[in-house]
Amino acid sequence: MIETISTILKQEKIADGIWRMDLCAPEIAAAVEPGQFVDLYCRDKSRLLPRPISVYDAEGDTLSLIYAVVGKGTEEFAAYQAGEQVRVTGPLGHGFPIEEALKAEEVLLVGGGLGIPPLQFTAKMLKNRKPELSITSVLGFRSMPWIQEPFPSYGAVLNASDDGACGFKGNVVDRLKDHFSRTPACKRVLFACGPIPMMKAIQQIQEEYGLECWFSLEERMGCGFGACYGCPAQTTEGLKRVCKDGPVFSGKEVIFS
């Protein structure tokens, strides 16, 4: 775990209430793995707890984050400008098992909402490691997509939207089933990040379609590195900490209430 004061290279609004922040954080960028996250600290001393944010990309000295403005802390972050500095700690948690995915015939990356950004870094890492790997990204939106590139450069992209404005009308699980009905069975590994109902629905079909699933859980975190036990996850082995033992868990291990 690395703690540093990073300079903001770029800060831009990419959709309503959603921002991208690029940081100069060479040590963290070099060490981070897909599915891990970092903690960002507010300058306002009344906000003691850091805000966990998943990693969208890491290239050279640059660490890229995408976050939604959902409270006072992220509202403060959105006001920062390029050239300013922010305290950041990371990389934190356990990410997706890349080595397992490299053994598959097809890797499915399933994301909904703010669960989509960390899958970009995952897809990039997989394609860099094994260019011939078949990668299918299944992305769910309420309506029109607010993020799309660079997913098409990694493989097929299957969109789903609640209102049918973008691709398949329905949810990502329905889109997955449609995909399975059109393609021959093969060894598939699925990485998912998004709303709990989405991942719970995927868990219910994993055996039917012979999927090896891994879920990245989202949870309110206190410290971000396992000291406070403030982000419990129910698993077949008892309670675990999302920030320390996860955020990625096996689809056969995690128990959704």
Side-chain angles (χ1 to χ4, degrees), residues 1 31-39 52-55 90-123 125-126 129 133 135-140 171-177 179-180 185-257:
M1 182 176 68
V32 69
E33 298 177 357
Q36 290 186 299
F37 65 96
V38 297
D39 271 348
I53 301 178
S54 59
V55 174
L92 299 169
H94 294 281
F96 291 109
I98 296 298
E99 294 300 325
E100 290 301 313
L102 293 175
K103 302 173 186 176
E105 295 175 75
E106 180 184 28
V107 178
L108 295 155
L109 304 177
V110 185
L114 263 294
I116 296 175
L119 297 179
Q120 189 283 138
F121 186 36
T122 307
M125 181 69 75
L126 289 169
R129 290 283 304 278
L133 182 64
I135 299 174
T136 302
S137 301
V138 187
L139 312 179
N171 59 46
V172 293
V173 178
D174 293 332
R175 189 65 183 92
L176 271 174
K177 292 179 179 179
H179 172 65
F180 294 150
C186 63
K187 177 176 173 55
R188 293 182 169 112
V189 170
L190 185 151
F191 294 161
C193 185
I196 293 297
M198 180 196 86
M199 292 190 286
K200 184 176 182 180
I202 294 172
Q203 187 183 55
Q204 292 170 347
I205 66 168
Q206 62 182 342
E207 290 190 11
E208 179 181 355
Y209 292 99
L211 302 173
E212 182 179 343
C213 295
W214 299 83
F215 301 129
S216 178
L217 304 187
E218 297 178 349
E219 185 61 69
R220 289 186 64 87
M221 299 178 187
C223 64
F225 44 84
C228 70
Y229 286 80
C231 54
Q234 183 66 51
T235 75
T236 54
E237 299 177 357
L239 287 179
K240 291 190 175 182
R241 300 159 293 180
V242 171
C243 70
K244 182 71 173 180
D245 303 312
V248 176
F249 294 90
S250 165
K252 295 181 179 179
E253 175 188 14
V254 65
I255 298 173
F256 295 114
S257 57

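Note that the structure is a prediction, hence the values are computed from the model and not measured. Numbering starts at 1 and runs along the sequence shown.
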Colleague: Mind running side-chain contact (heavy atoms from CB on, under 4.5 Å) on Y209 and L190 for me, showing each step along the way?
Modeller: CA-CA 11 Å; Y209 292 99; L190 185 151; over 6 Å; no
Colleague: Looking at CG of L108 and CD1 of I135, how far apart are the two atoms once the value is rounded to the nearest 0.5 Å?
Modeller: 10.5 Å
Colleague: Looking at V38 and G90, what are the two nearest heavy atoms and their distance?
Modeller: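 Looks like CG1-CA, 4.1 Å.
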Colleague: To the nearest 0.5 Å, how far apart are CG in D174 and NZ in K177?
Modeller: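 The CG atom of D174 sits 6.5 Å away from the NZ atom of K177.
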Colleague: So, does Q203 use its side chain to make a donor-acceptor pair with the main chain of V254 at under 3.5 Å?
Modeller: yes
Colleague: Hey, are the side chains of P197 and F256 touching, using non-hydrogen atoms and a 4.5 Å cut-off?
Modeller: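 P197 vs F256: side chains apart.
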Colleague: Would you give the length of the straight line joining atom OG of S54 to atom CD1 of I116, rounded to the nearest 0.5 angstrom?
Modeller: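 The CD1 atom of I116 is 11.0 Å from OG of S54, to the nearest 0.5 Å.
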Colleague: Determine whether a donor-acceptor pair (N or O, by modelled atom type, separation under 3.5 Å) exists between the side chain of Q36 and the backbone of G93.
Modeller: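 Yes, the answer is positive, given that a donor and an acceptor are paired below the 3.5 Å cut-off.
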Colleague: Taking it one step at a time, do V248 and H94 satisfy side-chain contact (heavy atoms from CB on, under 4.5 Å)?
Modeller: CA-CA 6 Å; V248 176; H94 294 281; 5.6 Å; no
Colleague: Give the intermediate values and the outcome of salt bridge (charged side-chain N to carboxylate O under 4.0 Å, His left out) for residues E106 and R188.
Modeller: CA-CA 5 Å; E106 180 184 28; R188 293 182 169 112; 2.6 Å; yes
Colleague: Tell me if the CD atom of E207 is crowded by more than 12 foreign heavy atoms within 6.0 Å.
Modeller: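 No, the 6.0 Å shell around CD holds no more than 12 heavy atoms from other groups.
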Colleague: Might you point out which heavy atoms bring L109 and L139 nearest each other, and give the distance in Å?
Modeller: O-CD2, 4.5 Å
Colleague: Given L102 and R129, is the side-chain contact (heavy atoms from CB on, under 4.5 Å) satisfied, shown in steps?
Modeller: CA-CA 8 Å; L102 293 175; R129 290 283 304 278; 3.4 Å; yes
Colleague: Can you tell me how far apart CZ (F249) and OG1 (T236) are? Round to the nearest 0.5 Å.
Modeller: 10.5 Å
Colleague: Report the residue from P97, P34, S216 that forms a side chain to side chain contact (heavy atoms under 4.5 Å, CB included) with F191.
Modeller: P97
Colleague: If you round to the nearest 0.5 Å, how far is CD of Q206 from OG of S250?
Modeller: 7.0 Å
Colleague: Tell me the closest heavy-atom pair linking M198 and A192, and the distance in Å.
Modeller: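 In this case the closest contact between M198 and A192 is CE-CB, 4.2 Å.
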Colleague: Should L217 and M199 count as side-chain neighbours, where that means a heavy-atom distance under 4.5 Å?
Modeller: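 Answer yes - side chains close enough.
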Colleague: Spell out, as yes or no, whether a donor-acceptor pair under 3.5 Å connects the side chain of K200 to the backbone of S257.
Modeller: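 Yes; judged by distance alone, with no hydrogens or angles, the pair exists.
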Colleague: Please report the closest heavy-atom contact between I205 and L211, naming both atoms and the distance.
Modeller: O-CD1, 4.5 Å
Colleague: Could you give me the CA-CA distance, side-chain angles and deciding distance for C213 and I202, then say whether side-chain contact (heavy atoms from CB on, under 4.5 Å) is met?
Modeller: CA-CA 8 Å; C213 295; I202 294 172; 4.0 Å; yes
Colleague: What's the spacing between I53 CD1 and L114 CG if we round to 0.5 Å?
Modeller: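 So the gap between those two atoms works out to 9.5 Å.
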Colleague: Where do F96 and G35 come nearest, in terms of heavy atoms and distance?
Modeller: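 For F96 versus G35, the nearest heavy atoms are CD1-CA, 3.8 Å.
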Colleague: Which atom names give the shortest non-hydrogen contact between V107 and A101, and what distance separates them?
Modeller: CG2-O, 3.5 Å
